[in-house]
Amino acid sequence: LMNVTFKINNPELETAFLKFTIDQNLIGLKGHRSVGGFRASIYNAMSKDGVQLLVEAMKEFEAKHG
């Protein structure tokens, strides 16, 4: 069991990133309400392809928003 936590350098983009990931069918990434940011839960049953989809979505978002 592992949770990967991360934040976006520009907090104003957090809502846009969350919407973007939901549109990509990547759900449950919103971080804890007291900490903020994002959290990807990567369990033993999570496929490498699933992790790759998240990485590709993050790269696409970065290319669009810098």
same_hphob_cluster(Val51, Val4) at 4.5 Å side-chain heavy-atom cutoff: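 Same hydrophobic cluster.
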ILVMFWY cluster, Leu54 and Ile8 together (side-chain gap under 4.5 Å):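 Per the 4.5 Å side-chain linkage, Leu54 and Ile8 are co-clustered.
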All pairs passing side chain to side chain donor-acceptor pair (under 3.5 Å) where residues 57-66 contributes a residue, at least two apart: Glu60-Lys64
For residues 19-29, which side-chain donor-acceptor pairs fall under 3.5 Å, sequence neighbours excluded?
unit_1	atom_1	unit_2	atom_2	d
Lys19	NZ	Asp23	OD2	3.0
Thr21	OG1	Phe17	O	3.3
Thr21	OG1	Leu18	O	2.9

Any pair counted as salt bridge (Lys or Arg N to Asp or Glu O under 4.0 Å), so long as it reaches residues 37-53, sequence neighbours left out: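 Applying salt bridge (Lys or Arg N to Asp or Glu O under 4.0 Å) to every pair that reaches into residues 37-53, excluding sequence neighbours, yields nothing.
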Salt bridge (Lys or Arg N to Asp or Glu O under 4.0 Å) contacts in which one or both residues fall within residues 4-17, not counting sequence neighbours: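 Output for this query is empty, none listed.
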With sequence neighbours excluded, residues passing ring-ring contact (aromatic ring centres under 6.0 Å, His included) with His32: none
